[in-house]
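Beneath this line is the structure, given in structure tokens, with notes to follow.
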Amino acid sequence: MKQRKAEFLIALAAIFVLTRVLACAQTQAPSKPFDLIEWNNGKLVYGVDYYPEHWEENQWEKDAAMMQAAGINFVRLAEFAWVRIEPAEGRFDFAWLDRALRVLNTHGIKAMLGTPTASPPAWLYAKYPDIAATDENGVRYRYGSRRNYCLHSANFVAATQRIVTAMAQRYKNHAGVIGWQIDNELGGPECFDAASRAAFQRWCHKKHKTLEALNKAWGTIFWGHTYHSWSEIPLPWNTLGKTHNPSLALDHARFHHDSTCDYLKLQVEILRKLAPKQGITHNAMGMYDNVDYSRLFAPLDFVAWDNYPMFGEDYANYFGSGLAHDLMRGSKNNQNFMVMEQQGGLPGWSVFRGRQAAPGLYRAWAYQAAAHGADGVCYFRWRTSRYGTEQYWQGILDQDSYPNARYQIISQTGKEFAQLAALLQGSRVVSPVALLVSPDSRWGFRIQPLVKDFNYNRQLGLYYGAFRRAGMNVDVVFPQSDFSTYKIIVAPSLFVVDRRLVEKLTNFVKEGGTLILTYRSGVKDENNVVTNQTLPGPLAELAGIAIHDFDPQTNQEQEVVGRDGLRSRARVWFDILTPTTAQPLLTYEKGYYAGKVAMTGNQFGKGRVYYVGTELTPEACLAGARLEARGAGIPLGPELPEGVEYAARVKDGKEILFLINYTDKAQTVRLSDSYLNALTSTPEPTEVSIPAFDVKVLCSR
Ligand code: GLA
Ligand code: GLA
């Protein structure tokens, strides 16, 4: 009943569909995409993260044979092995790595080497203490853990150049080494020492050119923080609460991001020069927001990332990983990518996080990656460590190497992946809908979180889940992406916007696109300064509304209602909308603004713009997504039972469909056509039955 009401709820929106010219303009000719399957000798990458240096050498041969039997054709090695490769300054030992490569290569397994800079050796810190990062209270990190170096330490840069150069020279022509992963999970920590402060001041100087310009951009007259010399500019300090200037804080986030990209580029340049034939990537972290992956990956050949879907108990909630896959794919113009660490066991460091997953899920997750455009997965890790911090972070095998249920299912998947390579090669994900992720807005909300219950990623997930559940592929785009191929763009809480982005969105709508905006959009300019225009600021004309009042919600909810008694729960934030050219779609039920408008739809050019002034329920968003898709002429996917995912790749006009059942019961999905089962090459009935924790890969006949 609720569902039905929700279905009607956004139906009002459809009233405003007058004409609709679809913004399905020319597809940009992409520069030739990197083909991971070609790179991996015609195979889908199917790998494990392997640490031969953690195990007795007499185990390597047995490991490689077991890997080969499971269909493993790829390993990532050495990303934490700096101390084994360079045990003393300038003295290198590659013999062990040569031997490990020989054993693996003999079993048909190719390697990617990690540059091991995420975890520098103790001797390096002892000799050059400034390599350790300093926290915001001025305390230097003690040695231990990893990712604790300072990007602005000249000694660290020199040490990096030395180790990367030595490794590149050694392996540039090695037939068994096909590529490089730079560092691991770049992004932290921010360093607050004198060198970093000087680097920030130089960055500010380069960006703002004059102190007058910086003072104006940051509004430093507030609390009299005006700077008269570049050397006065501090690093942000948040210990006393979030009291620093938000404009300074946003520039500092950008500075740290740029420093991270520069550090990556330093390594890329060495590898490109010495080892031009090998592929280069980085191991990223999906939704992690310290870095803008759409810029970090620019100098790299392809995207790779860590996918740990299961933190908790809700195994059937697949949207989190789906969104992260799509964001990762979007970070390099939707080029196919790979998963460098795919969850291969139960995660945990000192406590296990969540429950053990049914073995079938380890296979389902690999297919989910493929469904979202991955041309390979590499499981983390081959075997659980006996030592160190990650004794509770399971690999495929446990410490005893017994070929357990995870090994069995991963072997089955390996055989299937070998079979699917030819079909998948050259196929890609094409989506009618895009979700706009604004790194500036993410940072802006991190600096000023708005209200207690606001979460930018949850906003993204809400609309992402709606379009996915309605059976559509969704791309993630960034402000600099090409918008012209989409019919619908959802830009939740577009908090920090610049003129260029407003122009791009305006053109998109003028040409017939549908834009969905939500609360707290158009509030800040690119300096993180609040607009002096009536909200939603530069987006007001597009949305056809004015916002003269709003009501942040703490622990309060109410209902928003449309015509015919339609309703949805509303929470987090209530913008009180005054339509100018827009039509009201939903109004508030309670408070001094009862009867005032909560959601509008506005015809603009050939397209239209929705403004949702509050957080609606997932059901209401799903109903809206269905209606919008129908209006835009986007074919809806099949009705999906809870816990079943549908995604598609295309190749030469033919579809490759993935139906993934994350639940512990068999599920049925009714398709409008009959397809061939890609693994058995037999026709599937249109009522496709998917056993518990299982997958169907289908292709057009
Ligand atoms: C105090 C201070 C003001 C202002 C307000 C609001 O009252 O005296 O300067 O900061 O709080 O924060
Ligand atoms: C990350 C890292 C790995 C490992 C896993 C598990 O993804 O890249 O080195 O630490 O987490 O903790």
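Counting starts at 1 for both ligands and their atoms, following the listed order.
Heavy atoms only, all atoms of each residue included: L186 and Y288 are closest at O-CE2, 3.7 Å. In this structure, S493 and F445 approach most closely via the heavy-atom pair O-CE1, 3.4 Å.
At a heavy-atom distance under 4.0 Å, only side-chain atoms of R146, from C-beta outward, approach ligand 2. Under 4.0 angstrom from ligand 2, there are no non-hydrogen atoms of D49. Under 4.0 Å from ligand 2, the heavy atoms of E390 that appear belong solely to its side chain.
Closest to atom 11 (O) of ligand 2 among all protein heavy atoms lies E341 OE1, 3.8 Å. The nearest protein atom to atom 1 (C) of ligand 2, hydrogens excluded, is given as E185 OE2, 3.0 Å; this is a heavy-atom distance. Of the protein's non-hydrogen atoms, the one nearest atom 9 (O) of ligand 1 is W223 NE1, 4.7 Å.
Of the polar atoms of Y51, none of the N or O atoms is found under 3.5 Å from an N or O of ligand 2, judged by distance alone. Between D306 and ligand 2, an N or O atom pair is found at a separation short of 3.5 Å. Not one N or O of R76 is nearer than 3.5 Å to an N or O of ligand 2, by distance alone.
Using bins of under 30°, 30° to 60° and over 60° for the plane-to-plane angle, the ring pair Y51/H54 lands in the parallel bin. Using cut-offs of 30° and 60° for the angle between ring planes, the Y519 and W573 rings count as parallel.
Interface of N283 with ligand 2, defined as ligand atoms under 4.0 Å from a residue heavy atom, comprises 8 (O). In summary, the atoms of ligand 2 found under 4.0 Å from a heavy atom of F80, numbered by their order in the structure, are 9 (O).
Seen from the ring of W96, R84 counts as a face-on cation partner, given the 6.0 Å and 45° thresholds. At least one test fails for R99 against the ring of W60: distance under 6.0 Å to the centre or angle within 45° of the axis. Within the cation-pi definition used here (under 6.0 Å to the ring centroid, within 45° of the axis), R520 qualifies as a partner of F550.
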